[in-house]
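What follows is a single structure, written as structure tokens, with notes after it.
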Amino acid sequence: MAVDLLTFEDFPEGKEFPLGPVTVNAEDIIDFATQFDPQPFHIDPDSQQAAQVGGLIASGWHSCALLMRMMCDSYLLHSASDGSSGLDEVRWLKPVRPGDTLSGTSTVVSSRLSKSNPERGIIIFRYEVRNQHGDVVMEVSGSGMVATASAAQERAASFGDRP
């Protein structure tokens, strides 16, 4: 039985993938920040720092982690992904607050075959994340690597349907 995965050929320039929705709650904000970004406005809604920014806000890195989850749910776990060489830009434009519901789009800006490994493509993405009011809270750009259809098919044959 063959695995039906998105391959490099499924990521033409201009293709959009919907992201989300995911709702953020105070407990998740505090839990994430306690482990990774324990600044007062992320962990203590009663702190002076939180009051200065209008209340508890999510760490920008938490917002990035939520984006990663939305990418996985939308298309990444259903693709012949070979990982990523990184992000070029992350912009946190508005705070993410408890009760916000995030959604957005992942847009293919460009795609090309890798010069060093023609069995994979390099895809440049632009991500836009909005809250429930339609406000853009985060913009990200970065790259991903995805196997070509022939490479994914060869992998599936070699690994018994595993890409």
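Computed from heavy atoms alone, side chains included, the values below leave out hydrogens, waters and symmetry copies.
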Just verifying a value: how many Å separate [X] [atom1] and [Y] [atom2], rounded to the nearest 0.5 Å?
X      : Y      : atom1 : atom2 : value
Lys94  : Arg130 : NZ    : CZ    : 11.0 Å
His133 : Asp100 : NE2   : CG    : 6.0 Å
Asn131 : Thr101 : CG    : OG1   : 9.0 Å
Leu5   : Ser81  : CG    : OG    : 10.0 Å

Could you tell me which non-hydrogen atom of [X] sits nearest to which non-hydrogen atom of [Y], and how far apart they are?
X      : Y      : value
Ile124 : Ser143 : CD1-CB, 3.7 Å
Ser111 : Ile123 : CB-CG1, 4.0 Å
Leu56  : Pro98  : O-CD, 3.4 Å
Pro45  : Ala50  : O-CB, 3.7 Å
Pro40  : Gln49  : CB-OE1, 3.5 Å
His42  : Ile57  : ND1-O, 2.7 Å

Mind checking whether Val136 and Met68 sit in one hydrophobic cluster, side chains of I, L, V, M, F, W, Y counted as touching below 4.5 Å?
->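 No; Met68 is not reachable from Val136 via cluster members.
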
Check the hydrophobic clustering (I, L, V, M, F, W, Y; side-chain heavy atoms under 4.5 Å; chains of links allowed) and say if Phe17 and Leu66 are grouped together.
-> yes

For [X], look at atom [atom1] and say whether over 12 heavy atoms of other residues, nucleotides or ligands are found less than 6.0 Å away.
X      : atom1 : result
Arg91  : CZ    : no
Trp92  : CH2   : yes
Glu27  : CD    : no
Glu139 : CD    : yes

For Met71 and Leu19, what are the C-alpha separation, side-chain angles and deciding distance, and is it a side-chain contact (heavy atoms from CB on, under 4.5 Å)?
-> CA-CA 6 Å; Met71 290 165 45; Leu19 302 172; 4.3 Å; yes

Geometric class of the Phe125/Tyr127 ring pair [parallel <30°, tilted 30-60°, perpendicular >60°] = parallel

For the pair Arg155 and Asp82, find out whether any cationic side-chain nitrogen is under 4.0 Å from an anionic carboxylate oxygen.
-> yes

Beyond-backbone contact of Val24 with Phe32, side-chain heavy atoms, under 4.5 angstrom = no

Thr7 and Thr148: side-chain donor and acceptor closer than 3.5 Å?
-> no

Please lay out, stage by stage, how Met138 and Val96 fare under the test side-chain contact (heavy atoms from CB on, under 4.5 Å).
-> CA-CA 9 Å; Met138 183 172 62; Val96 172; over 6 Å; no

May I have the step-by-step check of side-chain contact (heavy atoms from CB on, under 4.5 Å) for Ser59 and Phe36, ending in yes or no?
-> CA-CA 9 Å; Ser59 166; Phe36 303 109; over 6 Å; no

In sequence, state the C-alpha distance, the side-chain angles, and the governing distance for Cys64 and Val90, and then conclude on side-chain contact (heavy atoms from CB on, under 4.5 Å).
-> CA-CA 8 Å; Cys64 287; Val90 176; 3.8 Å; yes

Short question: side chain of Asn117, backbone of Glu119 - any donor-acceptor pair under 3.5 Å?
->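 Confirmed, Asn117 side chain pairs with Glu119 backbone.
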
